[in-house]
S.K.: 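Structure provided below as structure tokens; questions to follow.
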Amino acid sequence: MAAPAPGRGTLGGSGDDHRLPPVSLERIETLRQSGALTLHAGRLRDVRRDADGLFHVLYQDRAEGLRPLCVDVILNCTGSCPEGRFTANPLLATLFEKGQVALGPAGLGVAVTAQGQVLSAGGRTYRTLFALGPLVRGAQWECTAIPDIRQDAAALAATLGQTATVSA
């Protein structure tokens, strides 16, 4: 496992460790130690909600096969939709369909330059089209936390400020 980035801790222990801010890690560990939170990893196979609002879950565990659970809350931690499936966003769906935006590395998000300029399917950049945050997760794994987005937005603002023209 790689060492966590400065200011981050890790959660996991199964080889699938996840980096997160220390305050989040501390809160999760407190909930786990109190018994209020139990983590289960596996592939969800079936979910049904009963009249009392409880979820009856059947999931595939790596070691033990199919396992049933009865839980109050389910958190989907599978991440973002892979392979550019932006069907819920008509703008992105159209840009992908027309080749005006390329899929990012590992089939995640949109392809961008180091400065955040969006790349077309043909590798062309656009002078005025940039992306940051979760849209660039294929190129930048650490792009969904507010501090990361704030830092990227500041860098983009500085870049745009150097190239901006003012009309009178």
Side-chain angles (χ1 to χ4, degrees), residues 1-93 101 103-116 118 130-160:
M1 175 181 87
R8 295 187 185 274
T10 60
L11 174 68
S14 65
D16 294 331
D17 292 340
H18 301 280
R19 298 183 307 174
L20 64 161
V23 68
S24 299
L25 178 62
E26 183 178 315
R27 180 74 176 134
I28 288 170
E29 290 303 330
T30 299
L31 289 169
R32 287 174 74 177
Q33 290 173 8
S34 74
L37 174 67
T38 305
L39 302 178
H40 297 276
R43 294 195 180 271
L44 197 58
R45 298 299 180 205
D46 188 44
V47 177
R48 296 172 195 248
R49 195 167 199 180
D50 67 20
D52 295 325
L54 295 175
F55 294 98
H56 296 270
V57 176
L58 185 63
Y59 75 100
Q60 182 82 38
D61 184 292
R62 284 185 185 172
E64 300 180 30
L66 288 176
R67 297 187 62 190
L69 285 174
C70 183
V71 297
D72 297 310
V73 177
I74 300 170
L75 299 177
N76 179 353
C77 299
T78 58
S80 303
C81 191
E83 300 170 14
R85 295 185 195 127
F86 294 104
T87 56
N89 185 314
L91 172 62
L92 287 172
V101 173
L103 198 55
L108 299 172
V110 299
V112 293
T113 66
Q115 293 75 34
V118 172
F130 294 82
L132 53 82
L135 271 178
V136 300
R137 66 192 167 276
Q140 255 183 273
W141 286 103
E142 298 295 327
C143 64
T144 58
I146 296 301
D148 299 319
I149 295 171
R150 183 174 40 240
Q151 182 179 350
D152 290 348
L156 177 57
T159 297
L160 293 175

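Numbering starts at 1 and runs along the sequence shown.
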S.K.: Which distance, rounded to the nearest 0.5 Å, do you find between the CG of Leu69 and the OG1 of Thr38?
M.R.: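 With rounding to 0.5 Å, CG (Leu69) is 9.0 Å from OG1 (Thr38).
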S.K.: Do you know the tightest heavy-atom contact between Val71 and Val57?
M.R.: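 That would be CG2-CG2, 4.0 Å.
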S.K.: Any chance CD of Gln151 has more than 12 other-residue heavy atoms, nucleotides or ligands included, within less than 6.0 Å?
M.R.: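 Counting other residues, nucleotides and ligands, CD of Gln151 stays at 12 neighbours or fewer.
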S.K.: Tell me the closest heavy-atom pair linking Leu156 and Gln115, and the distance in Å.
M.R.: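 Smallest heavy-atom distance, with atoms named: CD1-O, 4.2 Å.
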S.K.: Please list all pairs passing the salt bridge (Lys or Arg N to Asp or Glu O under 4.0 Å) test where one or both residues lie in residues 36-48, with sequence neighbours left out.
M.R.: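 Applying salt bridge (Lys or Arg N to Asp or Glu O under 4.0 Å) to every pair that reaches into residues 36-48, excluding sequence neighbours, yields Asp46-Arg48.
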S.K.: Looking only at heavy atoms, which two atoms of Val110 and Ala131 are closest? And how far apart?
M.R.: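 For Val110 versus Ala131, the nearest heavy atoms are CG2-CB, 4.0 Å.
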S.K.: Apply side-chain hydrogen bond (donor to acceptor under 3.5 Å, both in side chains) to Asp72 and list each qualifying residue two or more places apart in sequence or on a separate chain.
M.R.: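 Here no residue qualifies.
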S.K.: If you look at every heavy atom in Gly65 and Gln60, which pair is closest and at what distance?
M.R.: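 Looking at all heavy atoms of both residues, the shortest contact is CA-NE2, 3.4 Å.
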S.K.: Return the CZ to CG distance between Arg32 and Leu25, rounded to the nearest 0.5 Å.
M.R.: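 Separation between the atoms: 9.0 Å.
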S.K.: Is a side-chain N or O of Asp52 found less than 3.5 angstrom from the main chain of Leu54, in a donor-acceptor match?
M.R.: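 Checking the backbone N and O of Leu54 against the side chain of Asp52, no donor-acceptor pair under 3.5 Å is found.
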S.K.: Who are the side-chain hydrogen bond (donor to acceptor under 3.5 Å, both in side chains) partners of Arg27, not counting sequence neighbours?
M.R.: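 If we apply the side-chain hydrogen bond (donor to acceptor under 3.5 Å, both in side chains) test to Arg27, skipping adjacent residues, there are no hits.
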